[in-house]
Structures are given as structure tokens and as C-alpha cells.
Amino acid sequence: MSNLERYVNLQIAEMDDWERSQKEHYQLLNACRERDTKAAVRLLKRHIDSTAKQLIHQLL
């Protein structure tokens, strides 16, 4: 198992806001379907940043 897999598994196990995460994924998919690159990039960056912050909090 890679370190990435360990962190992903930890994030999934400790996740307490599935609704927010699902909403972000749907928004990202919708932006991609609409070929709205700027929105997709903005949403993806925001999603990655918030997930990273949660993971850091879990590790500390």
C-alpha cells in the first residue's frame, strides 16, 4: 500500500461530511460536462484544499 492510499483511506474513514463532499463532486462533474474549464479548475482547487486541511487536522 502506498502512502497516498493510506492517506486516502484515513480521509475516507474519518470523513464526517459526506453531503458536502458529494455536492462538490457533482459541481465539479457538472462544470466538466458544461466544458467550463475555469469553474472546474476553481472547484477542484477548492475541493483539494479543503480535503488537505481536513487530513492535516486528522493527522495532528
Side-chain angles (χ1 to χ4, degrees):
M1 179 182 290
S2 71
N3 283 337
L4 175 60
E5 289 172 307
R6 287 184 184 100
Y7 291 130
V8 168
N9 289 338
L10 175 63
Q11 176 64 21
I12 290 170
E14 297 294 323
M15 183 176 233
D16 61 353
D17 194 359
W18 282 99
E19 288 181 30
R20 179 195 52 80
S21 180
Q22 283 297 92
K23 181 180 176 183
E24 290 175 0
H25 288 147
Y26 286 126
Q27 289 172 335
L28 179 57
L29 285 171
N30 190 48
C32 291
R33 285 186 185 114
E34 293 179 5
R35 299 181 185 267
D36 187 345
T37 305
K38 288 182 181 181
V41 168
R42 178 179 42 82
L43 291 164
L44 184 57
K45 284 182 179 179
R46 186 174 68 195
H47 182 69
I48 290 171
D49 287 345
S50 66
T51 301
K53 287 176 185 174
Q54 288 177 352
L55 182 57
I56 290 168
H57 179 73
Q58 291 167 359
L59 292 172
L60 296 177

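Using a 4.0 Å cut-off between charged side-chain N and carboxylate O, E19 and K23 make no salt bridge.
In terms of the side-chain hydrogen bond (donor to acceptor under 3.5 Å, both in side chains) criterion, residue partners of N30 (sequence neighbours excluded) are, by chain and number, E34.
The shortest side-chain heavy-atom distance between R20 and E24 falls under the 4.5 Å cut-off. At a threshold of 4.5 Å between non-hydrogen side-chain atoms, the residues R42 and R46 count as touching.
The other members of the hydrophobic cluster of L28, by chain and number, are L43, L44, I48 (side-chain heavy atoms under 4.5 Å, ILVMFWY only).
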